[in-house]
2 protein chains.
Amino acid sequence: MNKDHNLAVLCKALGHPARVAILRHLLQVDRCICGDIVNILPLAQSTVSQHLKQLKEAGLIRGEIEGPCICYCADKNRLAELKNLITAL
Amino acid sequence: MNKDHNLAVLCKALGHPARVAILRHLLQVDRCICGDIVNILPLAQSTVSQHLKQLKEAGLIRGEIEGPCICYCADKNRLAELKNLITAL
DNA sequence: CACGCTTATCGTTAATTTACGATCATACTG
DNA sequence: CAGTATGATCGTAAATTAACGATAAGCGTG
């Protein structure tokens with residue numbers, strides 16, 4: 001509802017280099033990925049999982065269960081929303 | 001240097017509603033302001049000062065001494081940089 | 001059903017953030 | 001020079017975040 005808060009939530013989610021890297025990677029690969037991210041980043045699996053959770057809570061990514069692993073992908077609409085909010089500042 | 005880090009720094013600075021509000025206000029008023037921000041926000045002067053410091057450290061605003069008070073204004077170039085970094089994601 | 005793989009969650013610790021009041025520094029005003 | 005206004009900084013407490021290892025939960029495979 002509140003614009004400031006909405007933008008702050010989105011920005012906060014991207015306020016950590018690891019989460020920026022995760023989002024960028026998901027956008028590049030387009031098709032989602034699961035444990036690959038753990039391999040890319042120099043972080044423990046549980047830490048990556050927490051970052052994913054934060055990105056998910058901000059709506060920037062989505063995760064779908066696909067067999068044994070969970071497939072993540074970026075939500076481009078939400079990213080566009082961020083873009084718009086910043087542009088509209 | 002590092003893109004992810006640069007974007008994270010900018011986003012982190014806007015990762016709090018108060019700082020979004022400050023930046024928005026500075027952009028609206030164009031000409032800078034000092035203690036006005038304290039009046040607008042429901043926060044103590046020292047807290048506002050800290051938020052201003054964080055925005056300044058991220059390069060999103062600048063402060064110039066003007067007589068007794070300090071005059072803040074948004075750095076539109078830096079804001080454009082943020083816009084570009086997000087667009088380039 | 002037992003095992004292995006994948007990912008989430010729990011518990012914990014260290015570090016950072018947020019917020020405040022109090023104090024300090026600086027610059028005008030009388 | 002004394003007083004006032006403005007805003008930064010200090011010290012502190014509470015809350016949140018970041019990171020890890022350990023554990024749990026869900027799904028296939030044999």
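Reminder, nothing fancy here: chain letters follow the sequence lines and each chain counts from 1.
- Atom CD of A/Glu57 and atom P of C/dT9 are 9 Å apart (whole Å).
- Residue A/Ile37 contributes atom CD1, which lies 13 Å from atom C1' of C/dT6 at whole-angstrom precision.
- Nucleotides of DNA chain D nearest to A/Gly15 and B/Ile33 differ in position, and the one nearer the 5' end is that of B/Ile33.
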What does the list of N/O pairs under 3.5 Å between the protein and nucleotides 22-30 of chain C look like, with a distance for each?
none

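- Considering NE2 of A/His51 and NE2 of A/His16, their distance stands at 4.5 Å, rounded to 0.5 Å.
- A distance of 8.5 Å separates CG of A/Leu82 from CG of B/Leu89, quoted to the nearest 0.5 Å.
- A straight line from NZ of A/Lys53 to P of D/dC20 spans 17 Å, rounded to a whole angstrom.
- Put simply, CD1 on B/Ile70 is 9 Å from P on D/dT9, counting in whole angstrom units.
- In this structure, the side chains of A/Leu79 and A/Leu27 come closer than 4.5 Å at one or more pairs of heavy atoms.
- To the nearest 0.5 angstrom, B/Thr47 atom OG1 is 11.0 Å from B/Leu52 atom CG.
- Not one side-chain nitrogen or oxygen of B/Thr47 sits closer than 4.0 Å to the OP1 or OP2 atom of C/dT18.
- The shortest non-hydrogen separation linking B/Glu81 to B/Asn6 is OE2-ND2, 3.0 Å.
- Taking atom NE2 of B/His16 as the reference point, atom P of C/dT17 lies 12 Å away to the nearest angstrom.
- A heavy-atom distance below 4.5 Å is found between the side chains of B/Leu14 and B/Leu23.
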Any chance you could list the contact pattern along nucleotides 11-16 of chain C? Use B for base contacts, S for sugar-phosphate-only contacts and - for none, protein heavy atoms under 4.0 Å, 5' to 3'.
------
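- Judged purely by atom type and a 3.5 angstrom limit, A/Thr87 uses its side chain to pair as donor or acceptor with the backbone of A/Lys83.
- With B/Leu60 as the partner, the side chain to side chain contact (heavy atoms under 4.5 Å, CB included) test is satisfied by one option alone out of B/Asp75, B/Val9, B/Ile22, B/Leu10: B/Leu10.
- For the pair A/Arg19 CZ and D/dA18 C1', the interatomic distance rounds to 9 Å; values are reported in whole Å.
- The CD-P distance, from A/Gln54 to D/dT17, rounds to 7 Å in whole Å.
- Between B/Asp36 and B/Ile33, the shortest heavy-atom distance links the atoms CB-CG2, 2.7 Å.
- In this structure, of C/dA8, D/dA19, C/dG21, it is C/dG21 that holds the atom nearest to the side chain of B/Ala44.
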